[in-house]
Amino acid sequence: MTTSAIQFISPLTFQALSGNPVQTQLLDTEQENAMGHINLARWADKIIIAPATANIIAKLAHGIADDLVSTLCLAAECPIYFAPAMNQAMWHKTITQTNIKSLQQQGMQLISPEQGLQACGEIGWGRLSEPATICDYLINHQLTIDKSLSGLKLLITAGPTREPLDPVRYLSNRSSGKMGYALAEAALEAGAIVSLVTGPVNLIAPIGVNLITVETAAEMFDAVISRATSHDIYIGAAAVADYTPIKKQTRKIKKQDQENSVSLQRTKDILATVALLPKRPFVVGFAAETHDLETYALAKLNQKKLDMIAANWVGHEQGGFENDNNALQVFWHTGQKKLPMTDKKQLAKQLIALIVERKK
Ligand code: C5P
């Protein structure tokens with residue numbers, strides 16, 4: 001425990017609740033060589049700093065070793081994980097994000113904070129991940145540490161598009177972008193270089209991703225097509241609008257007594273266009289269906305000339321567009337696999353593993 005941690009919980013309480021001895025001092029006179037930090041560093045299989053304050057993150061980023069925790073981390077050779085917890089403004093500061101990136105470049109693993117009500121009363125990013133999430137991460141990370149996408153470049157789309165009707169209104173859909181962002185994170189963890197083309201979403205991009213923000217289907221088309229051939233894998237996880245208003249009114253449309261209608265035209269299919277490119281990447285599409293999932297998914301796999309398609313049910317209570325959970329049925333030309341309902345982050349790791357397997 002650091003000096004700040006002791007201000008919140010006494011070491012005695014921590015010891016009683018955990019059933020383990022608590023170390024607080026850098027130089028431990030009870031140890032034969034008074035080198036408690038070196039002994040602890042040698043002893044640990046993994047180190048997890050939770051909560052990791054902006055202060056400890058900054059210290060570790062700069063190699064400062066002025067207390068037991070920072071010195072232990074500097075002396076350790078085992079994997080180090082950190083789960084940040086701080087005020088949302090502190091989390092968004094460039095210096096904090098730079099320090100986090102530096103820790104990741106040194107090989108430390110970030111367990112991203114969550115969004116929500118904070119101890120200070122503010123709402124935003126920086127809330128410590130739930131203990132169960134931290135444990136899940138530690139267990140699952142062991143499975144994906146193999147860097148199976150090392151050296152490969154992935155292009156991923158995520159979120160909805162917005163098709164403007166007038167300066168204040170647009171047509172869009174319920175896509176949260178969570179699946180695409182989780183895929184980007186899983187691909188980064190597996191060692192890939194990742195570009196994420198995203199429509200408007202309320203998510204923080206994984207650190208280390210090359211983020212390209214777009215709004216309309218036409219913008220997403222241009223962003224993807226100009227980059228696709230320089231990538232090894234393309235995953236179209238965005239819910240791209242199929243139609244866009246023929247005319248975008250330059251002034252706000254005024255309400256009238258009589259009925260009104262909007263004429264729509266088809267957007268260009270980004271996924272199918274990528275699949276037709278001469279030097280195309282390995283192409284993975286998504287299919288969100290309310291019925292006849294397998295029939296539609298297989299039809300899309302063939303018609304759009306994809307290598308793989310991940311299909312999921314939407315419009316049902318569990319899973320799908322706005323949920324944290326999802327289930328997928330993945331099809332390719334010679335087989336299929338069901339990935340049962342789970343957290344989108346876990347599902348993303350499983351889908352990435354399947355892509356690695358099929359791409360070989
Ligand atoms: O045909 P459908 O829209 O159901 O296909 C869904 C898949 O196609 C998704 O992978 C989506 O990202 C992609 N798509 C696209 N461009 C469009 C429409 C869909 O890339 N204009």
Side-chain angles (χ1 to χ4, degrees), residues 154-164 170-184 187 194-201 212-229 231 233-246 264-277 280-316 319-322 326 328-333 336 339 344 347-348 351-352 354-355 358:
L154 261 84
L155 183 61
I156 302 173
T157 62
T161 60
R162 282 181 184 169
E163 308 304 318
Y170 53 80
L171 298 178
S172 192
N173 59 65
R174 293 181 184 278
S175 169
S176 65
K178 283 180 188 157
M179 194 67 223
Y181 275 60
L183 283 164
V194 181
S195 296
L196 180 62
V197 179
T198 178
V201 293
I212 303 114
T213 53
V214 296
E215 196 152 314
T216 64
E219 285 168 13
M220 189 173 275
F221 183 93
D222 292 342
V224 169
I225 301 305
S226 60
R227 291 173 174 84
T229 51
H231 287 78
I233 298 171
Y234 173 71
I235 309 178
V240 187
D242 291 323
Y243 293 93
T244 189
I246 292 177
L264 303 173
Q265 65 187 358
R266 285 293 305 269
T267 54
K268 288 188 273 188
D269 194 307
I270 306 168
L271 189 61
T273 310
V274 172
L276 286 179
L277 291 172
R280 67 176 239 175
F282 184 88
V283 183
V284 183
F286 268 76
E289 307 293 347
T290 53
H291 57 283
D292 295 329
L293 182 100
E294 183 160 349
T295 316
Y296 283 125
L298 284 172
K300 269 172 213 174
L301 180 74
N302 291 319
Q303 282 160 10
K304 299 197 189 193
K305 303 199 177 349
L306 311 178
D307 294 298
M308 188 181 262
I309 190 153
N312 63 302
W313 295 104
V314 287
H316 298 262
F321 265 21
E322 287 162 306
N326 206 0
L328 292 175
Q329 197 165 348
V330 188
F331 301 88
W332 55 95
H333 292 285
Q336 61 162 288
L339 303 178
K344 281 182 180 169
L347 204 59
L351 184 59
I352 290 289
L354 202 54
I355 293 171
R358 299 308 317 160

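One-based numbering, in listed order, for ligands and for the atoms of each. From a predicted model like this one, the values you see are computed outputs, not experimental measurements.
Contact annotation: the side chain of Y181 approaches that of T198 to within less than 4.5 Å [non-hydrogen atoms, C-beta and beyond]. Using a 4.5 Å heavy-atom threshold, the side chains of T216 and F221 count as separate. The shortest side-chain heavy-atom distance between F286 and M179 falls under the 4.5 Å cut-off. Looking at L171 and Y243, their side chains never come closer than 4.5 Å, going by heavy atoms from C-beta outward. Using a 4.5 Å heavy-atom threshold, the side chains of W313 and Q329 count as separate.
Residue-ligand proximity, K268 to ligand 1, at heavy-atom distances under 4.0 Å covers atoms 16 (N), 17 (C), 21 (N). Set against the non-hydrogen atoms of G285, the atoms of ligand 1 under 4.0 Å away are 10 (O). Every atom of ligand 1 with a heavy atom of D242 under 4.0 Å away is listed here by number and element: 3 (O), 18 (C). The T267 neighbourhood of ligand 1 comprises atoms 21 (N), with distances under 4.0 Å to a heavy atom of that residue.
Expressed to the nearest 0.5 Å, how far CD of E219 lies from OG1 of T213 amounts to 8.5 Å.
Judged by distance alone, the side chain of H333 and the main-chain N or O of L306 form a donor-acceptor pair under 3.5 Å.
At the shortest separation from atom 6 (C) of ligand 1 among protein heavy atoms lies F286 O, 2.9 Å. Closest to atom 12 (O) of ligand 1, if we only count protein heavy atoms, is A238 O, 2.7 Å. G236 O, 2.6 Å is the protein heavy atom nearest to atom 10 (O) of ligand 1. Ranking the protein heavy atoms by distance from atom 20 (O) of ligand 1 puts L271 N, 2.8 Å first. Counting only heavy atoms of the protein, atom 16 (N) of ligand 1 lies nearest to I270 N, 3.0 Å. Taking atom 5 (O) of ligand 1 as the reference point, the nearest protein heavy-atom neighbour is K304 NZ, 3.0 Å. Closest to atom 4 (O) of ligand 1, if we only count protein heavy atoms, is K300 NZ, 2.5 Å.
Considering each of T157, V274, V240, T273, the one bringing a non-hydrogen atom nearest atom 19 (C) of ligand 1 is V240.
Between R280 and D307 there is a salt bridge, with a side-chain nitrogen of the basic residue lying less than 4.0 Å from a carboxylate oxygen of the acidic one.
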